[in-house]
Undergrad: 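One structure coming up, written as structure tokens, with questions to follow.
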There are 2 protein chains.
Amino acid sequence: MTKLPKPTEGELAILQVLWQRGPSTVRQVHESLDAARATGYTTTLKLMQIMAEKGLVARDQSSRTHLYSARLPQAQTQRQFVTDMIAKVFGGSSAQLVMQALSTHTASKEELAEIRQLIEQKKEEKKR
Amino acid sequence: MTKLPKPTEGELAILQVLWQRGPSTVRQVHESLDAARATGYTTTLKLMQIMAEKGLVARDQSSRTHLYSARLPQAQTQRQFVTDMIAKVFGGSSAQLVMQALSTHTASKEELAEIRQLIEQKKEEKKR
DNA sequence: AGCTGTCAACGAAAACATTCGTAGGTCAAT
DNA sequence: ATTGACCTACGAATGTTTTCGTTGACAGCT
């Protein structure tokens, strides 16, 4: 298993769509992106072709309009970015990242409860 | 007030040093970086000059060896990156980012307590 | 058969980021 | 006054990412 490269910004935007929609054609992706990125169709196509080369996406060529799907699980990519960011922006402190995220971006009551539960669990683990 | 551009990777590494050390010369920054980045002195210099142009750092030219300092508070930059990342990698869900960070990167007991406290506070706010 | 709209492929330009060599200035010690 | 160490400035090469124009193929319609 060759390690896949870290997606660039543009690639990330595409992955986001693929994760959300599941396997999609270039046109579908391009249209989903349209709001966020003002860019031509061939740009999206090219990017997706490059991603296929890199192995970031799988491509089904059986019909004329190819079907692309993400090869990386979303969670794994998220982990990669979080790790990177903790090192590069938070000087290694994951707690600082969490605090920053929590204090500026409010979560719902349910989410807060979920997070709290995770913390309790972590604390239990510490005791042992 | 002109909005400052998002720092690139290399710039971030330099900012990191400036935040930690306070105002520093190019040499000091370069030496601090040395472990992490295998790059020549003039590369660091150039990067810092560019950052000065962009407004990311302030430069005191009064003595021959210039003194550079970060113009952005660390917390503000962290906020910028977190916000960006929530949008681009977590599809807008801050809670997911927090969960991801907490579950893969363990924090100390004290930090966990601190985070928990912040959550309790948030929950109180929700009630009102 | 000829037209039209849609597609993938490709190549090249443009934009951006990183790297370093070289030159010229200043300062202090010899 | 010359040398050597150290500094900034500048310009150019390299590398990476993004962008798009053009081409040729295919499919459906008239």
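Numbered from 1 within each chain, the chains take letters A, B, ... in sequence-line order. A quick note: this is a predicted structure, and the numbers were derived from the prediction, not measured.
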Undergrad: For A:Asp60 and C:dA8, give me the distance from atom CG to atom P, rounded to whole Å.
TA: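 It works out to 12 Å between those atoms.
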
Undergrad: Applying the side-chain contact (heavy atoms from CB on, under 4.5 Å) criterion to A:Phe90, which one of B:Gln78, B:Gln16, B:Gln74 satisfies it?
TA: B:Gln78

Undergrad: Under 4.0 Å between a side-chain N or O of B:Arg27 and OP1 or OP2 of D:dC7?
TA: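 Checking D:dC7 against B:Arg27, a side-chain N or O does come within under 4.0 Å of OP1 or OP2.
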
Undergrad: How is A:Thr39 classified with respect to the nucleic acid when contacts are heavy atoms under 4.0 Å: base, sugar-phosphate, or nothing?
TA: sugar-phosphate

Undergrad: Between C:dC20 atom C1' and B:Met48 atom CE, what is the distance in whole Å?
TA: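 It is 17 Å, rounded to the nearest whole Å.
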
Undergrad: Using a cut-off of less than 4.0 Å, is there contact between a side-chain N or O of A:Arg59 and OP1 or OP2 of C:dA9?
TA: yes

Undergrad: For the pair made of CG in B:Leu45 and P in C:dC20, what is the distance, rounded to whole Å?
TA: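 Going from CG in B:Leu45 over to P in C:dC20 covers 13 Å.
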
Undergrad: With a 3.5 Å cut-off and just heavy-atom distances, do the side chain of B:Arg64 and the base of D:dC6 make a donor-acceptor pair?
TA: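 A donor-acceptor contact between them is present.
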
Undergrad: Does A:Glu31 come within less than 4.0 Å of A:Arg21, counting only side-chain N to carboxylate O?
TA: no

Undergrad: Could you tell me how far apart A:Glu9 (CD) and C:dC16 (C1') are, to the nearest whole angstrom?
TA: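 Taking CD of A:Glu9 and C1' of C:dC16, I get 12 Å after rounding.
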
Undergrad: Roughly, in whole Å, what's the span from NZ in A:Lys54 to P in D:dT17?
TA: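 Answer to the nearest Å: 5 Å.
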
Undergrad: It should be established whether B:Gln49 places a side-chain nitrogen or oxygen under 4.0 Å from OP1 or OP2 of nucleotide D:dT8.
TA: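 No, no such contact exists.
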
Undergrad: Counting only side-chain heavy atoms from C-beta out, which of D:dC20, D:dT8, D:dC7 sits nearest to A:Lys46?
TA: D:dC20

Undergrad: For C:dC7 and A:Thr65 - does any side-chain N or O of the residue sit under 4.0 Å from the phosphate oxygens OP1/OP2?
TA: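 Looking at the OP1 and OP2 atoms of C:dC7, neither is under 4.0 Å from any side-chain N or O of A:Thr65.
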
Undergrad: How is B:Glu11 classified with respect to the nucleic acid when contacts are heavy atoms under 4.0 Å: base, sugar-phosphate, or nothing?
TA: nothing

Undergrad: Using a cut-off of 4.0 Å on non-hydrogen atoms, how would the nucleic acid contact of A:Thr8 be classed: base, sugar-phosphate, or nothing?
TA: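 Sugar-phosphate only.
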
Undergrad: With a 4.0 Å cut-off on heavy atoms, is B:Tyr41 in touch with a base, just the backbone sugar-phosphate, or nothing at all?
TA: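 If one applies the 4.0 Å heavy-atom cut-off, B:Tyr41 turns out to touch a base.
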
Undergrad: How many whole angstroms separate atom CG of A:Leu47 from atom P of D:dC20?
TA: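 One finds 12 Å between P of D:dC20 and CG of A:Leu47, rounded.
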
Undergrad: Nearest-Å distance, CD (B:Glu53) to P (C:dT18)?
TA: 15 Å

Undergrad: Among D:dT8, D:dT17, C:dT19, find the nucleotide with the atom closest to the side chain of B:Thr43.
TA: C:dT19

Undergrad: Between A:Thr44 and A:His30, does a side-chain hydrogen bond (donor to acceptor under 3.5 Å, both in side chains) hold up when you go through it step by step?
TA: CA-CA 6 Å; A:Thr44 306; A:His30 180 64; 2.8 Å; yes

Undergrad: Counting neighbours of CD on A:Gln61 that are heavy atoms of other residues, nucleotides or ligands and sit closer than 6.0 Å, is the number greater than 12?
TA: yes

Undergrad: What is the separation between atom NZ on A:Lys88 and atom C1' on C:dA17, rounded to the nearest whole Å?
TA: 14 Å

Undergrad: Would you say the side-chain atoms of A:Thr106 pair up with the backbone N or O of A:Thr104, donor to acceptor, closer than 3.5 Å?
TA: no

